[in-house]
Amino acid sequence: MRIHRNQIVRGEERPDESDMTLITPLLAKYRGKRGGLIPLLQSTQHLYGYLPPAAFPLISEATGVAQSEIYGVATFYAQFRLHPAGKHIVKVCHGTACHVQNARDVTEALVEALGVPDGGTTPDGLFTLESVACLGCCSLAPVMMIGESTYGKLTGSEAVRIVKEIRIKESREKQD
Amino acid sequence: MGKTKVIVGLGSCGIAAGAAATYRKIEELCLAEKIDIELGKTSCVGMCYREPLVEVVDEDGSYLYGEVDEKRAIEIVEKHLRQHSPVKEYIVQTDLFATEDDSFTRNQVKIALRNCGYMDPENIDQYEAREGYLAVKGIASKGTSRAEVIQTVLESGLRGRGGGGFPTGMKWKFASNYSSAEKYIICNADEGDPGAFMDRSVLEGDPHSVLEGMIIGGYAIGASEGVIYCRAEYPLAIKRLEIALTQAREKGYLGANACGIQGFNFDIHIKEGAGAFVCGEETALIASVEGRRGMPRKRPPFPAESGLWNKPTNINNVETFANIPWILNNGAAAYAAFGTEKSKGTKVFALAGKVKRSGLVEVPMGITIREVIYKLGGGIKGDKKFKAVQMGGPSGGCIPEYLADTIVDYDSVNATGAIMGSGGMVVMDETTCMVDVARFFLDFTRKESCGKCTFCRIGTKRMLEILERITIGEGRESDIGELEELAQQIKDNSLCGLGQTAPNPVLTTLRYFRDEYEAHIHHKKCPAKACKSLITYTVDPEKCTGCTVCAKNCPVSAIDGARKQSHFIRQDACIRCGACFTKCKFEAIVLS
């Protein structure tokens, strides 16, 4: 089962991750704001796709929270990444309903097809493979999510086919 | 009679099943063929197993079509919308004739889900047309006092729907007792239990009733601000909440003198969670809203006295809030008329796993688990044997088939060793290995433990190691005893609910399925044939026709054999993926 495949490919490229001036408006927005650290980290990650190390001192200065503590927060929550992720993040659901309906086969097949361990990013930077707790689409189990699209009632080979299709599409776009 | 209405269910699960494409197809076809209809959208009506759902309302009545992919959409547009002849075989529900899906809806009582799937969640007018914001208007016009509101909620018998089951009215009373200029009411929308998705569905399908519930609660306790702590994994819920908040502000339900109640200045904001299961715990949630690591702290002081920013704070779950406006509109007695002595009202369950009809159901407390699974859920997929049902997620447990006549209320479910939890019901059949299920949950709690308490942090890891070695056939005689001892230690020495309940999945499976543990440990066998290290696939030479399908489908080329001759699986190469087993048309692959 697949849906609006055309939406999978993200149109724009990520901004230059060394350009720290990009977060200046964000820093201004949350400067000195009570409880602003997590939203600031979230919007920073939204911008760069991960939390670049160079952002930490700036965030620390704006929020008044020590860098060590920010690092503590960033590593506590599953959402935050400290390393760049692939262009497409493949989230394989391992909730209870997906688990009893063989989500493990989906992850195993993708590990083999992509040649990266669970949590790894392919060398070409196209895919990051992840296991997530529950996407809340239990009736379509097993499920995976790539970008904004959710794919349900999967098998290992079906999942591999979807990922391969994205790869083919990407390489075609590169050639164009 | 106006135009024919066509309403497409666009909840997360509907969209995942392809509802967005269905919507576009209908729009495109009707535009191209100049069929004049009113195309609308709604959210999940709970029939997830029939998604995508499309409702057509014409002058004869209403027809709900199921599994409407683009192909079916074309047919429905042509036959029903153009020729006015409904496509009977795709109809799952209608007020004109009976369908087999009627038993799914007939046995439900919808209070929390009263609007889900019946209105456009992004349209406040439609909510108002369905008695929306009537309760707050009533408070304003009648001048209902805060104490009276709390009394009504107390009398309704409503208990916290997030899992704890603490009486909501009591909680409000505590919070209202502390006076402070700054006071908070928080909606816990950090639905983290794997296998539960009712909060997502309510937020996506009826965000206004959650807001109204919060406004009522905020008024009752005297709050100055509301916060919705929502999982970042639910982008659609967050989007619809934001739309609802803007609309509620425009209409004056939020802001200065909210709802026209003089002196009641109240607004609500959304805080996006960042992915931590433990943040479902009150004190951890507060820490997270404050921008810190979401780690629980010791109670007392309870949040009612000192919560967010050290101010009095009240926290309730999404489903709890969604019930509140209905209770105020219909009276406490009407709500308390449903349910059992100690568990009043209805409860929403997320039915999933090996059940024929998975989806969201809202049933009165007191119904039996078997009724939910068979009457509403339609029984077990593939007519396999019903083995157990997991309730309460990682804090809950597995209830075996022979206890399925247990009624659904807080105390009866607790007596089985499971908990009501947020209402996940994952059904398991004979092919589910209970040791593996216990291992799965321990793996989850081990990952999600915040690490504050040693027993939870290290104890769950040790338990997981034991369970892992049992499932790969390296279990030791002493393992069951060690599991039981560790379980007790973790229960006794953890600060919050996560640790205190983490051993429950192991304890309940040990209690009801001890023989499965013993089979793994003593005989190195998995009775459910699910643990990969303990099973073998072989070819039955009598049945094998040599069609080569298995060999072609084997991902590791572990099957040898010439065409039209019996095949053979090389055990040293086999990865036990089961591809041959599912592909063989002659049942020649034997699983043992």
Side-chain angles (χ1 to χ4, degrees), chain A residues 1-5 7 30 33-42 45 63 65 69-70 72-80 91 93-102 104-105 108-109 112 131-141 143 145 148-153 155-157 160, chain B residues 12-13 15-21 24 48-49 51 191-197 200-201 232-235 271-277 288-295 309 350-354 358-359 390 393 424 426-428 432 436-437 440-441 444 447-448 450 555 575 577-579 582:
Chain A
M1 197 179 294
R2 280 155 297 125
I3 52 157
H4 42 108
R5 227 174 306 159
Q7 288 189 4
Y30 292 104
K33 210 172 177 184
R34 213 163 55 156
L37 176 61
I38 291 174
L40 180 51
L41 290 175
Q42 284 170 327
Q45 174 157 306
T63 54
V65 180
E69 212 171 306
I70 299 175
V73 171
T75 50
F76 184 83
Y77 295 99
Q79 188 186 27
F80 297 122
K91 294 180 182 169
C93 179
H94 284 263
T96 322
C98 289
H99 178 77
V100 299
Q101 302 194 75
N102 292 328
R104 226 186 304 184
D105 288 355
E108 273 171 18
E112 183 150 336
S131 291
V132 294
C134 188
L135 294 168
C137 295
C138 308
S139 54
L140 298 169
V143 178
M145 201 170 173
E148 301 270 293
S149 305
T150 311
Y151 304 84
K153 299 188 179 164
T155 58
S157 48
V160 169
Chain B
S12 275
C13 37
I15 294 173
R24 283 197 299 270
C48 303
Y49 64 103
E51 295 280 10
E191 183 172 56
D193 273 10
F197 51 93
R200 193 210 72 212
S201 195
E233 287 91 335
Y234 289 170
K271 274 272 176 185
E272 253 180 69
F277 175 69
S288 181
V289 174
E290 290 176 352
R292 293 180 285 124
R293 289 163 70 98
M295 288 161 101
W309 311 116
L351 208 49
K354 309 275 179 93
S358 51
Q390 210 285 339
V426 182
V427 179
M428 292 159 186
T432 314
D436 178 63
V437 168
F440 164 76
F441 281 114
F444 180 84
K447 280 184 198 144
E448 295 295 340
C450 78
I575 55 164
C577 67
T582 40

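Chain letters run A, B, ... following the sequence lines, proteins first, then strands; residues in each count from 1.
- Using modelled atom types, one side-chain atom of A:Tyr77 and one backbone atom of B:Gly294 make a donor-acceptor pair closer than 3.5 Å.
- For a residue to count as touching a neighbouring chain, one of its non-hydrogen atoms must lie under 4.5 Å from one of that chain's; by this rule A:Thr63 does not touch chain B.
- For the pair B:Gly291 and A:Val73, the tightest heavy-atom approach, listed with the atom from each and the gap, is O-CG2, 3.8 Å.
- Note that the CG atom of A:Leu140 and the OG atom of B:Ser12 stand 10.5 Å from one another [nearest 0.5 Å].
- Proximity to chain A (any heavy atom under 4.5 Å) is restricted, for B:Val426, to the side chain, taken from C-beta onward.
- Of all the listed residues (B:Ala276, B:Ser358, B:Ala274), the one sharing the greatest number of non-hydrogen pairs under 4.5 Å with chain A is B:Ala274.
- Under the 3.5 Å distance criterion, the side-chain polar atoms of A:Gln42 are matched with a main-chain donor or acceptor of B:Glu272.
- Of the inter-residue distances, the one linking A:Gln101 atom CD with B:Lys354 atom NZ reads 6.0 Å to the nearest 0.5 angstrom.
- Proximity to chain A involves both the backbone and the side chain of B:Ser288, based on heavy atoms less than 4.5 angstrom apart.
- Proximity to chain A (any heavy atom under 4.5 Å) is restricted, for B:Ala232, to the side chain, taken from C-beta onward.
- At distances below 3.5 Å, not a single donor-acceptor pair connects side-chain atoms of A:Lys153 with backbone N or O atoms of B:Ala17.
- Separation of atoms CZ (A:Phe76) and CE (B:Met295) is listed at 6.0 Å; rounding is to 0.5 Å.
- Proximity to chain A (any heavy atom under 4.5 Å) is restricted, for B:Arg200, to the side chain, taken from C-beta onward.
- Not one N or O on the side chain of B:Glu51 forms a donor-acceptor pair closer than 3.5 Å with the backbone of A:Ser139.
- Interatomic distance, A:Ile38 CD1 to B:Arg293 CZ, rounded to the nearest 0.5 Å: 11.0 Å.
- Considering only heavy-atom pairs separated by less than 4.5 Å from chain B, the leading option among A:Cys98, A:Gly36, A:Cys137, A:Ala109 is A:Cys137.
- When B:Ala196, B:Pro235, B:Gly273 are compared by the number of non-hydrogen pairs under 4.5 Å with chain A, B:Gly273 comes out ahead.
- No other option in A:Gly72, A:Cys93, A:Gly156 has as many heavy-atom pairs under 4.5 Å with chain B as A:Gly72.
- For chain A, the nearby part of B:Glu290 is the backbone; its heavy atoms alone come within less than 4.5 Å.
- The two residues A:His99 and B:Asp436 come nearest to each other via the heavy atoms NE2-OD2, 2.8 Å.
- Heavy atoms closer than 4.5 Å to chain A are found in the side chain of B:Lys271, but not in its backbone.
- Looking only at heavy-atom pairs under 4.5 Å with chain B, the residue among A:Gly95, A:Cys138, A:Pro39, A:Ala97 that has the most is A:Cys138.
- With a 4.5 Å cut-off on side-chain heavy atoms, B:Cys577 and A:Glu108 do not count as touching.
- Rounded to the nearest 0.5 Å, atoms NZ (B:Lys447) and NE2 (A:His94) are 8.0 Å apart.
- Note: A:Val100 leads A:Leu41, A:Val100, A:Leu37 in heavy-atom pairs under 4.5 Å with chain B.
- Per-residue counts of heavy-atom pairs under 4.5 Å with chain A were compared for B:Glu233, B:Glu448, B:Arg292, B:Glu191; the largest is that of B:Arg292.
- Within the 4.5 angstrom heavy-atom criterion, atoms from both the backbone and the side chain of A:Ala133 approach chain B.
- Within the 4.5 angstrom heavy-atom criterion, only side-chain atoms of B:Phe441, from C-beta onward, approach chain A.
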